[in-house]
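Every chain is numbered from 1, with letters handed out A, B, ... down the list of sequences.
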2 protein chains.
Amino acid sequence: MAPRRSQLTLRDVSEAAGVSEMTVSRVLRDRGDVSDATREKVQAAARALGYVPNKIAGALASQRVNLVGVIVPSLSNLVFPEMLAGLEEVLDGTPLQPVVGSTEYDLDKEERTLFEMLSWRPSGIVIAGLEHTEASRAMMAGSGVPVVEVMDVDGVPVDAAVGISHRRAGYEMAGEIVARGYKRVGIVGTKVDGDHRARKRIEGLEEGLRGTNVVIVDRADYAGWSGFAKGREMTAAMLERTPDLDFLYYTNDLTGAGGLLYCLEKGIEVGRDLGLAGFNGFSLLDGLPRKLATVDSCRREAGRIAGRIVAGTWTWTDEEDRRVELTPAFLPGHTMRSSV
Amino acid sequence: MAPRRSQLTLRDVSEAAGVSEMTVSRVLRDRGDVSDATREKVQAAARALGYVPNKIAGALASQRVNLVGVIVPSLSNLVFPEMLAGLEEVLDGTPLQPVVGSTEYDLDKEERTLFEMLSWRPSGIVIAGLEHTEASRAMMAGSGVPVVEVMDVDGVPVDAAVGISHRRAGYEMAGEIVARGYKRVGIVGTKVDGDHRARKRIEGLEEGLRGTNVVIVDRADYAGWSGFAKGREMTAAMLERTPDLDFLYYTNDLTGAGGLLYCLEKGIEVGRDLGLAGFNGFSLLDGLPRKLATVDSCRREAGRIAGRIVAGTWTWTDEEDRRVELTPAFLPGHTMRSSV
DNA sequence: ATGAAAGCGCTAACAT
DNA sequence: ATGTTAGCGCTTTCAT
């Protein structure tokens with residue numbers, strides 16, 4: 001690398017333009033009264049020099065930082081980038097900028113990332129889920145800025161929460177399964193300890209089936225990355241082990257889609273003899289040989305609302321109590337029979 | 001929100017622990033010689049108060065910022081999160097933290113994002129692609145920090161470049177098409193202007209076919225998001241319009257997979273009568289009814305190497321000249337016949 | 001409409 | 001091993 005030139009400062013622009021540093025600062029931030037002539041002189045000088053303001057100094061002096069810390073478990077799982085897209089969509093109209101960190105579903109890494117982010121004094125925090133270490137909760141509570149926990153509302157938020165109830169999503173899926181006359185359910189889930197949302201969906205499903213004539217007869221969890229191959233593999237193994245299943249509930253659309261492809265190849269009458277359902281509502285999957293039944297996780301909408309909350313443009317209604325529960329649509333697709 | 005408490009400073013910790021601010025600073029940063037007794041006193045005081053250091057002040061004083069700006073066109077297109085995952089994997093072992101911005105394939109937005117990021121004086125920049133505005137190039141060149149342009153090497157980097165040659169990937173695909181005896185090729189691409197990598201792959205393909213007995217007989221570009229549905233739709237339309245095609249080249253695995261599903265349903269002898277190939281090598285797709293031929297884009301590896309470059313732990317060999325060209329593997333899958 | 005002075009919270013450099 | 005001093009580059013506040 002070329003030896004690092006010492007950085008250009010306001011002083012350099014001020015000298016080049018022949019006005020005080022304060023006036024340069026005003027022009028560059030569009031604040032206060034500056035004559036047109038001065039403004040142009042300053043802008044020309046800044047452009048000519050290639051001046052880039054130092055936000056670190058600015059933030060220290062003004063005690064204002066236009067960053068929003070965003071903490072998600074993973075960027076490889078599409079749901080989180082999609083939530084982020086909703087957030088960015090809203091923040092784009094404000095001075096706020098998201099700073100993203102991922103935790104790999106590890107609460108200790110989450111705590112470290114949070115500490116790191118708070119040390120930059122962001123204007124807000126958006127964080128996935130309601131499960132955090134005690135230290136993380138204390139830091140967020142003490143930060144003095146809006147904290148929005150997204151993509152889940154089943155629990156007590158530090159400050160605000162936006163998302164769907166995964167427990168309810170599982171519960172309602174149970175209702176659909178019962179209404180459509182399935183009797184013997186298998187569950188394909190994940191081994192990831194930190195995936196509390198998947199856990200809650202399954203708990204909701206169990207609760208919804210309790211006291212009905214529908215039973216959960218098998219369950220298998222996989223480790224590692226969700227994909228079609230994993231869905232095939234898990235489905236094959238489960239149908240081998242428990243051949244009298246008539247419904248498979250996957251905690252993820254991608255494994256569900258893999259299961260669907262497997263069943264179609266095996267000539268299984270999907271829907272009639274074996275119902276299948278996933279979760280998330282990935283539009284990526286539109287175009288499968290058959291549309292998989294699923295429940296929309298409203299992740300993009302959650303991101304949008306979180307953005308409004310940190311930007312201060314969200315209006316709370318009384319009953320909401322700093323909690324926005326989104327209503328997930330059940331998308332029946334063509335892998336479940338109709339109600340009986 | 002509770003009214004914002006004025007923030008805790010080193011001074012508060014220093015008073016609580018009964019040592020100078022400087023000593024507190026040393027303990028908190030693990031620098032210099034501090035006695036065990038003092039260290040523990042300070043750590044206890046900091047923990048008891050819930051002190052979170054102010055990195056803004058620290059960065060201003062030390063002229064050191066442990067942030068790496070990462071700029072990608074999109075987070076919804078899986079290749080970019082995957083590159084990021086490789087980058088994070090490497091940065092996790094260093095004090096550096098990525099800060100991500102996305103540009104929606106808009107070079108002016110890229111320029112604004114870059115300006116914003118440079119104003120935080122990051123320790124490095126990782127940016128997708130080699131096409132930028134003149135102002136962006138000037139800013140990066142003048143930043144005085146390592147700048148790594150990733151996921152493409154076809155062009156002149158500002159500082160360093162890591163990735164595959166998309167032109168070569170297209171060129172080599174042409175060789176495979178010729179070797180396997182296909183004659184009439186259709187291309188399914190995208191309308192996104194800013195996707196220079198897709199453009200280069202197609203240019204490479206055209207160049208590779210020039211002078212052979214293989215001709216490109218049709219081409220269609222889609223707008224909007226890549227998914228299975230789009231691949232089906234484009235494939236149906238193209239086969240309708242140009243029924244004598246014997247090969248379809250997709251610029252993306254997802255549309256390719258949609259095309260594959262469509263062809264299988266129509267009873268087309270995929271491979272024998274109609275060859276198909278995509279691009280990227282998404283492992284997500286393992287488990288399709290048939291494995292799609294594709295070329296690995298080495299995005300994760302590019303992220304890893306970019307991480308080593310900004311962290312200063314990458315050793316350049318002379319001939320590389322601050323450019324690392326990765327060699328993309330051709331993955332034949334089962335949608336192309338064998339060489340003739 | 002413009003300028004001068006003070007200081008944001010921390011760390012480098014130099015004492016002791 | 002610990003403390004003192006000066007200042008990072010900007011913005012706030014108050015003057016003119």
Undergrad: Look at B/Arg64 and D/dC8 and indicate whether a side-chain polar atom (N or O) is within less than 4.0 Å of OP1 or OP2.
TA: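 Looking at the OP1 and OP2 atoms of D/dC8, neither is under 4.0 Å from any side-chain N or O of B/Arg64.
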Undergrad: Can you find a side-chain donor-acceptor pair between B/Gln63 and B/Arg121 that sits under 3.5 Å?
TA: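 No, because no side-chain N or O of B/Gln63 sits under 3.5 Å from a partner of the opposite role on B/Arg121.
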Undergrad: Describe the nucleic acid contact of A/Asp33 in one word from base, sugar-phosphate, nothing, applying a heavy-atom distance below 4.0 Å.
TA: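 Base: the residue A/Asp33, judged by heavy atoms under 4.0 Å, touches a nucleobase.
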Undergrad: Has A/Arg29 got a side-chain N or O lying under 4.0 Å from the OP1 or OP2 atom of D/dT11?
TA: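 Indeed, a polar side-chain atom of A/Arg29 lies that close.
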Undergrad: Looking only at side chains, do A/Arg299 and A/Ser297 share a donor and an acceptor under 3.5 Å apart?
TA: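 Indeed, the side chains of A/Arg299 and A/Ser297 share at least one donor-acceptor pair under 3.5 Å.
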Undergrad: Using nucleotides 14-16 of chain D, report all nitrogen or oxygen pairs with the protein that are shorter than 3.5 Å.
TA:
none

Undergrad: Using whole Å, report how far CG of A/Leu10 lies from P of D/dT12.
TA: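 Value for this atom pair: 12 Å.
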Undergrad: Can you tell me how far C1' of C/dA4 sits from CD of A/Glu21, to the nearest Å?
TA: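 Atom-to-atom, A/Glu21 to C/dA4, this comes out as 11 Å.
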Undergrad: What integer distance in Å separates A/Ile56:CD1 from D/dT11:P?
TA: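 After rounding, the reported distance stands at 13 Å.
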Undergrad: Does A/Arg137 use its side chain to pair, donor to acceptor, with the backbone of A/His132 at less than 3.5 Å?
TA: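 The answer is no, because no donor-acceptor pair under 3.5 Å joins these two groups.
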Undergrad: Dump the intermediate steps for side chain to side chain contact (heavy atoms under 4.5 Å, CB included) on B/Val52 and B/Leu8, then the final yes or no.
TA: CA-CA 7 Å; B/Val52 178; B/Leu8 285 171; over 6 Å; no
Undergrad: Given D/dT2, D/dT11, D/dC10, which nucleotide is nearest the side-chain atoms of B/Val34?
TA: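 For B/Val34, the side-chain atoms sit closest to D/dT2.
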Undergrad: Tell me whether the side-chain N/O atoms of B/Gln63 come closer than 4.0 Å to OP1 or OP2 in C/dT11.
TA: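 The answer is no; no side-chain N or O of B/Gln63 sits under 4.0 Å from OP1 or OP2.
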Undergrad: Quick check: on DNA chain D, is the nucleotide nearest B/Val19 upstream (toward 5') of the one nearest A/Ala57, or the reverse? Name the residue that is more 5'.
TA: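 On the 5' side of the pair lies B/Val19.
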Undergrad: When you check the phosphate oxygens OP1 and OP2 of C/dG9, does a side-chain N or O of B/Tyr51 lie under 4.0 Å from one of them?
TA: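 Checking C/dG9 against B/Tyr51, no side-chain N or O comes under 4.0 Å of OP1 or OP2.
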Undergrad: Once rounded to the nearest 0.5 Å, what's the spacing between atom CE of A/Met22 and atom OG of A/Ser20?
TA: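 Output value for this atom pair is 7.0 Å.
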Undergrad: Can you tell me if A/Ser20 touches the phosphate of C/dG3, counting only side-chain N or O atoms and a distance under 4.0 Å to OP1 or OP2?
TA: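 Yes, within the criterion.
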Undergrad: Would you say the side chain of B/Leu326 lies within less than 4.5 Å of the side chain of B/Val324, judging by non-hydrogen atoms?
TA: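 Answer yes - side chains close enough.
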Undergrad: What is the distance from CZ of B/Arg31 to C1' of C/dC10, rounded to the nearest Å?
TA: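 About 13 Å, once rounded to whole Å.
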Undergrad: Is the distance from OP1 or OP2 of C/dT2 to the nearest side-chain N or O of A/Thr23 less than 4.0 Å?
TA: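 Answer no for this pair, as no side-chain N or O of A/Thr23 is under 4.0 Å from OP1 or OP2.
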Undergrad: Whether A/Thr38 contacts C/dA1 is assessed here as follows: a side-chain N or O lying under 4.0 Å from the phosphate OP1 or OP2. Is that the case?
TA: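 No, no such contact exists.
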Undergrad: Can a side-chain donor-acceptor contact be found between A/Ser102 and A/Glu104 if the only test is distance below 3.5 angstrom?
TA: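 Yes, A/Ser102 and A/Glu104 have a side-chain donor paired with an acceptor closer than 3.5 Å.
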Undergrad: Please give, in whole Å, the distance from D/dG7 C1' to A/Asn54 CG?
TA: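 From A/Asn54 CG to D/dG7 C1': 14 Å.
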Undergrad: Is the phosphate of D/dT2 approached by B/Ser35 (side-chain N or O, under 4.0 Å from OP1 or OP2)?
TA: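 Result: yes.
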Undergrad: Is B/Asn77 reaching over with its side chain to a backbone N or O of B/Ser74, donor-acceptor style, under 3.5 angstrom?
TA: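 Side chain of B/Asn77 to backbone of B/Ser74: no pair is present.
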Undergrad: Atom CZ of A/Arg11 and atom C1' of D/dG9: how far apart are they, to the nearest Å?
TA: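 Those two atoms, CZ and C1', are 11 Å apart.
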Undergrad: Answer yes or no: does a side-chain N or O of A/Ser25 lie under 4.0 Å from OP1 or OP2 of D/dC10?
TA: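 Negative; the distance criterion is not met.
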Undergrad: Between D/dC10 atom C1' and A/Leu28 atom CG, what is the distance in whole Å?
TA: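 In whole Å, D/dC10 C1' and A/Leu28 CG are 11 Å from each other.
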Undergrad: Whole Å only: how far is the CE atom of A/Met22 from the C1' atom of C/dG7?
TA: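 Rounding to the nearest Å, CE of A/Met22 and C1' of C/dG7 are 14 Å apart.
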Undergrad: According to a strict under-4.0 Å criterion, is A/Arg121 in side-chain N/O contact with OP1 or OP2 of C/dG9?
TA: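 The answer is no; no side-chain N or O of A/Arg121 sits under 4.0 Å from OP1 or OP2.
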